[in-house]
Amino acid sequence: MQDSSRTFEDVPPIVVGLSLNVRELGSAALDALVMVAAAACAIGLGSEVSPLSGGIPSLVALTIGLHLLLLWNRGIYSLESRYIGFHDAVLIGLAGLPSALAMGVGDYLLKITTLRFGPVLTILLYALVATNGLLAIRVARRYSHRVRQDAARKSGAKKRVLVVGAGDAGEMFVRELVKSRESCAMVVGFVDDDPAKRNLKIHGVPVLGRIADIVSLVHDHAIGEIVIAIPAATGDQMRKIHNLCRRVFVPVRTLPSVSKLFTQGAKLSSQLRQISIEDLLRRAPVETDTDGIGEYIGGEHVLVTGGGGSIGSELARQIALLNPATIILVGKGENSLYEIEQELIHAQGLAPVVIVADVRDEESMETVFRDHRPTVVFHAAAHKHVPLMQRNVREAIRNNIIGTLVMAQLAVRYGVAKFILISTDKAVRPSSVMGATKRVCEMLVTAMAQTSETQFAAVRFGNVLGSRGSLVPLLESQIKRGGPVTVTHPEMTRFFMTIPEAVQLVLQAGALGGRGEIFILDMGEAIKIDDLARELIWLHGLVPEQDIEIRYTGVRPGEKLHEELVYDSNDLKGTTHPKISMVENGSGAGPQALKAAIAQLVELTHQEEPDHARQMLMDLAWNKHNLNLLSPYMG
């Protein structure tokens, strides 16, 4: 599993122009005329021989063919002339040198020139005239575009929009713009890959071509903005569209995914937004058993720990839609708890019970259970930052393990029907303190299920996009500061999932069991962090390594190059849901033996022995079958 990775770059830069469109062919033809003129100057000024005599036509054709091939290979025909810069001018100049040398060699072999400098003059003249001619064409295009833009601004012309997707969403979007007198945009056309829609007109707007034609259509129709109107597009489709759109350097906006599209009756035009990294990772909508989820959530008193965090707050949002009797949110961050409380009150008309408390504090937590009698518990409170927890072993053990133990024991004592632990892929063969603590939490939940009427289960998944303090917000802040963007290792991969999708599957997993299972969410394929960073830079309208430096900092203590979701794929068992699997590989220990080991672990933290505590923690997390190996720590 760890070798499976995908990249965001569907088309390597060197072959972007493999399929030349009409605009690119026209540009190449104009360049060829400039090259013919350059060759005529180079040969004509040094010889009295007719340009059509001997092997001269063949030499000129060979030179021009080689020159065009080099320009194409360097991606010159995929450049937008209005954004051409010094770096691009250098590439154009360098592409002319080999062809000039080829002409000089041919000149020498055919004895064409009669001047003193011979082939040297041919090389210099061809390179000079050809390069300046090619640059002049592009500078003229850049200038004429600016003139047209200025004229459009002065005349108050509307922004010309190309809509990707001629389906229902695209039709509704165009209909809104047609009816709106205040709109400052005008839809010029659609692109769509459905053959049945070729040459159609929708509200008078033609379908101009396929999605692959975006680059040429932007230039041919002076498009000022692209709107992606395919709410059901997958991540693969969004990446392909985005890779095409970024070649033309015009603003690109999109409608949200199907699950977020029609909210509160808002107009489609008001829901347009910039493309996000979540769009490029978008997967097919998750189909859930709403009846099964509603059966164990509806009418219940649901407690969510870590209720102000990224996962906890999204759990609260989705649970609120399932008609619970009450939602009890527990956490240490008062500001984040206040924000989700106000959101639930105003957006969903549900006032949660909000309690600022520490899950490690057994007295406070017992008060919560006694006063509010939760019947379902989602335990999402945990420290999650790997490097920080490597340096804070005591805090990691006490918050993650003791917090889970306190909540699990109270759940049993107060007759909670279902207890769901939020776990992580870092618990598999843990190399970090954080991952080891979460593995021990999984073992604890499995052990508690052996002797309790409370249904215990854990849900394991990878990174969630956009969660507080996670990778994507960090990279975005680095980009906004102008770089550098830091990546630990060019080959490092991680599994990613959006927060709503992860929570949706967590709720679904809660309906599937409760005998100590560890449920594994389908995270798709692992993604290279390096590719993720580069794609984020492109999304900000910048060029990786050119506008923003990417700096490799090295793998940090406790980190792995590749994460895993299971110890052994043979342990995986299917469930009734296609995106959820499960494993039944508990610790092999009863709850009392595991509690004794945890008590000794905590005692080591009190003795200010972080190295001993770290070693015992790792031994405990790695021992899947029994606790006999822990006897040295247990006296």
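Side-chain atoms are counted along with the backbone in the values below, which use heavy atoms only and exclude waters and symmetry mates.
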Pairwise side-chain contact, Gln508 with Ile293, heavy-atom cut-off 4.5 Å (strictly under): yes
Lys579 and Glu501 ion-paired at < 4.0 Å: no
Any donor-acceptor pair under 3.5 Å from Thr446 side chain to Gly516 backbone: yes
Matching residue for Ile548 among Leu536, Val543, Leu542 - test: side chain to side chain contact (heavy atoms under 4.5 Å, CB included): Leu542
Lys426 and Glu563: CA distance, side-chain angles, deciding distance, side chain to side chain contact (heavy atoms under 4.5 Å, CB included) verdict: CA-CA 7 Å; Lys426 293 173 178 60; Glu563 296 287 4; 3.4 Å; yes
Worked check of side chain to side chain contact (heavy atoms under 4.5 Å, CB included) between Arg551 and Val487: CA-CA 6 Å; Arg551 184 176 297 169; Val487 176; over 6 Å; no
Criterion side chain to side chain contact (heavy atoms under 4.5 Å, CB included) on Val440 and Leu617, from CA distance to verdict: CA-CA 8 Å; Val440 173; Leu617 171 65; 4.0 Å; yes
Closest heavy-atom pair and its distance - Pro430, Gly435: CB-C, 3.6 Å
Spacing of CD1 belonging to Ile537 relative to CD belonging to Glu545, to within rounding of 0.5 Å: 7.5 Å
Stepwise side chain to side chain contact (heavy atoms under 4.5 Å, CB included) test for Phe496 and Leu532: CA-CA 10 Å; Phe496 287 97; Leu532 182 72; 3.7 Å; yes
Donor + acceptor pair across side chains of Glu339, Asn335 (<3.5 Å): no
Closest heavy-atom pair and its distance - Gly170, Val163: CA-CG1, 4.3 Å
Which atom of Ala316 lies closest to which atom of Leu329, heavy atoms considered: CB-CD2, 3.8 Å
Test item: Val359 and Thr404 side chains (from C-beta on) under 4.5 Å apart, heavy atoms: no
Asp193 side chain vs Ile211 backbone, donor-acceptor pair below 3.5 Å: yes
Any Leu505 side-chain heavy atom under 4.5 Å of Val459 side chain: no
Straight-line distance of Leu475 CG to Ile529 CD1, nearest 0.5 Å: 8.0 Å
Test item: Leu321 and Arg317 side chains (from C-beta on) under 4.5 Å apart, heavy atoms: no
Test: Asp192 and Lys197 ion pair at under 4.0 Å: yes
pair Ile214-Cys245: side-chain heavy atoms closer than 4.5 Å: yes
Asp213 side chain to Gly209 backbone, donor-acceptor under 3.5 Å: no
Minimum heavy-atom distance between Leu337 and Gly308, given as atom pair plus value: CD2-N, 3.5 Å
Residue from Glu442, Arg439, Lys438 passing side-chain hydrogen bond (donor to acceptor under 3.5 Å, both in side chains) with Ser423: Glu442
Rounded distance [0.5 Å steps], NZ in Lys560 versus CZ in Arg556: 15.0 Å
Thr424 side, atom OG1; Phe461 side, atom CZ - distance, nearest 0.5 Å: 8.0 Å
Side-chain heavy-atom pair Ile319, Leu507 within 4.5 angstrom cut-off: yes
Atom pair CG/CG of Leu217 and Leu162 - distance to nearest 0.5 Å: 6.0 Å
Candidate list Met389, Gln390, Arg391, test side chain to side chain contact (heavy atoms under 4.5 Å, CB included), partner Pro387, passing option: Arg391
Check: Phe173 and Val227 side chains under 4.5 Å, non-hydrogen atoms: yes
Side-chain donor-acceptor contact under 3.5 Å, Gln478 with Thr486: yes
Rounded distance [0.5 Å steps], NE2 in His67 versus CD1 in Ile92: 8.5 Å
Smallest separation among heavy atoms of Gly189 and Leu208, with atom names: CA-CD1, 3.8 Å
Side chains of Glu314 and Gln318, donor plus acceptor under 3.5 Å: yes
Heavy-atom pair of closest approach, residues Gly558 and Ser432: O-CB, 3.3 Å
Side chain His221, main chain Ile223, donor-acceptor under 3.5 Å: no
Pairwise side-chain contact, Ile401 with Leu601, heavy-atom cut-off 4.5 Å (strictly under): yes
Steps toward salt bridge (charged side-chain N to carboxylate O under 4.0 Å, His left out) verdict (Glu395, Arg398): CA-CA 5 Å; Glu395 181 65 18; Arg398 291 181 59 77; 5.7 Å; no
Donor-acceptor contact below 3.5 Å, side chain Thr493 vs main chain Lys528: no
Glu535 vs His242, side-chain hydrogen bond (donor to acceptor under 3.5 Å, both in side chains): CA-CA, chis, key distance, verdict: CA-CA 10 Å; Glu535 195 63 31; His242 179 246; 2.8 Å; yes
